[in-house]
2 protein chains.
Amino acid sequence: MSADLTRNQALVMKTLSGAGAPLSAYTILDRLRDDGLRAPLQVYRALDKLTEMGLVHRLESLNAFVACAHPNCHEQELIAFAICENCGKVEEFSDQVVKDRLDGWARNHRFKAAKTTIEIRGDCGRCEVKS
Amino acid sequence: MSADLTRNQALVMKTLSGAGAPLSAYTILDRLRDDGLRAPLQVYRALDKLTEMGLVHRLESLNAFVACAHPNCHEQELIAFAICENCGKVEEFSDQVVKDRLDGWARNHRFKAAKTTIEIRGDCGRCEVKS
DNA sequence: GAACAAATGTTATGACATTACATATCCTTG
DNA sequence: CAAGGATATGTAATGTCATAACATTTGTTC
């Protein structure tokens, strides 16, 4: 398994898992002050490792981080995110057809893809929120 | 046509068009000092309008902006970006199948999409670059 | 237990973006 | 044309996100 996290990694992971929504690195830091964390780098370093391990995803359009919805599948496949701008919740999904099409484009253009981001911002339709 | 840009909008547009690659707001600002621009907000305001008009796209994974490759089609359709991490060049493309799949997912999940980001980071295979 | 790799702690700084407020310009419409 | 509204501008200050550089500690391996 992947459970050999260091202290800081475990703290950050726990914070993100408990949040149920994306958090910024600085928000994570604020929530971990009492646990002894004091500098942004401590959080960013943990986030880097957790992201490498596939336990955390970075949402580019939010400059924030979210715990992977599939805690055990450190799949590095193509993941798409649907981000609700009302309630902040994120849904994670994969679509093989989308992946095939993007891979196909890349192949046709001799483009060697390293990382692909798909983020849909909108309204999840499930939240009755603060207006 | 769309040619009724204000002074600041025109300056920012010209800078971005001439660059042939994405620029950060602050880089644009630096290049427009001689034209009288002095504050980030002047650039950000112009970028907001140009983005609304579809003349400029924001690249979320880069925190940067690029002139639309199709200057006259202010299509607000789904656009994907392939960003070369070597040479910085960006290619812009659309894929109806990808759009249909993502629209389909949204429909099935009652998710009302407002804006979708697709960005592929990698190596364009066309650049022999600085190593 | 020496030596190396990995993780941590800390300070400072760099990079990206917005708030708040004042002023100016343009464009209606009576 | 004057009045009023909408849009664009100018400016300073501040807020938010991220990394560089360096010192120290911990963990592993032989």
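Atoms considered below: every heavy atom in the structure, side chains included; atoms not considered: hydrogens, waters and symmetry mates. Chain identifiers are assigned alphabetically (A, B, ...) following the order of the sequence lines, protein sequences preceding nucleic acid strands; residue numbering begins at 1 within each chain.
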With the threshold set at 4.0 Å, does a side-chain nitrogen-carboxylate oxygen contact exist between [X] and [Y]?
X: R126(B); Y: E91(B); value: yes
X: D95(B); Y: K99(B); value: no
X: E60(A); Y: K115(A); value: yes

message: List the residues meeting salt bridge (Lys or Arg N to Asp or Glu O under 4.0 Å) with R31(A), not counting sequence neighbours, and say none if there are none.
response: none
- prompt: Could you give the start and end, 5' to 3', of the contact zone on DNA chain D for chain B, using atoms under 4.0 Å from its heavy atoms?
  reply: dA8(D) to dT11(D)
query: How bent is the helix from dG1(C)-dC30(D) to dG30(C)-dC1(D), comparing axes over its five end pairs at each side, to the nearest 10°?
result: 30°
- line: Here the residues of residues 28-37 of chain A within 4.0 Å heavy-atom distance, strictly under, of DNA chain D are none
Minimum heavy-atom distance [X]-[Y], with the two atoms named:
X: A25(B); Y: V43(B); answer: O-CG1, 3.7 Å
X: M13(B); Y: L55(B); answer: CE-O, 3.4 Å
X: C68(B); Y: H57(B); answer: SG-NE2, 3.3 Å

task: Give a yes or no on this: more than 12 heavy atoms of other residues, nucleotides or ligands lie within 6.0 Å of atom CG of N108(A).
output: yes
Heavy-atom neighbours of R110(B) CZ exceed 12 at 6.0 Å: no
- prompt: What is the per-nucleotide protein-contact pattern of nucleotides 11-23 of chain C, from the 5' end, where B denotes a base atom under 4.0 Å from a protein heavy atom, S denotes such proximity for sugar-phosphate atoms only, and - denotes neither?
  reply: B----BBBBB---
message: Pair E85(B), K112(A) - check salt bridge (charged side-chain N to carboxylate O under 4.0 Å, His left out), show working.
response: CA-CA 10 Å; E85(B) 292 180 328; K112(A) 202 150 142 247; over 6 Å; no
message: Is there a side-chain contact between F65(B) and L16(B) in this structure, where contact means two heavy atoms from C-beta onward sitting under 4.5 Å apart?
response: yes
statement: When rounded to whole Å, the CD to P distance for the pair Q9(B) and dC26(C) reads 14 Å
- line: ring pair (Phe, Tyr, Trp, His ring centres under 6.0 Å) filter on F93(A), not counting sequence neighbours, yields W105(B)
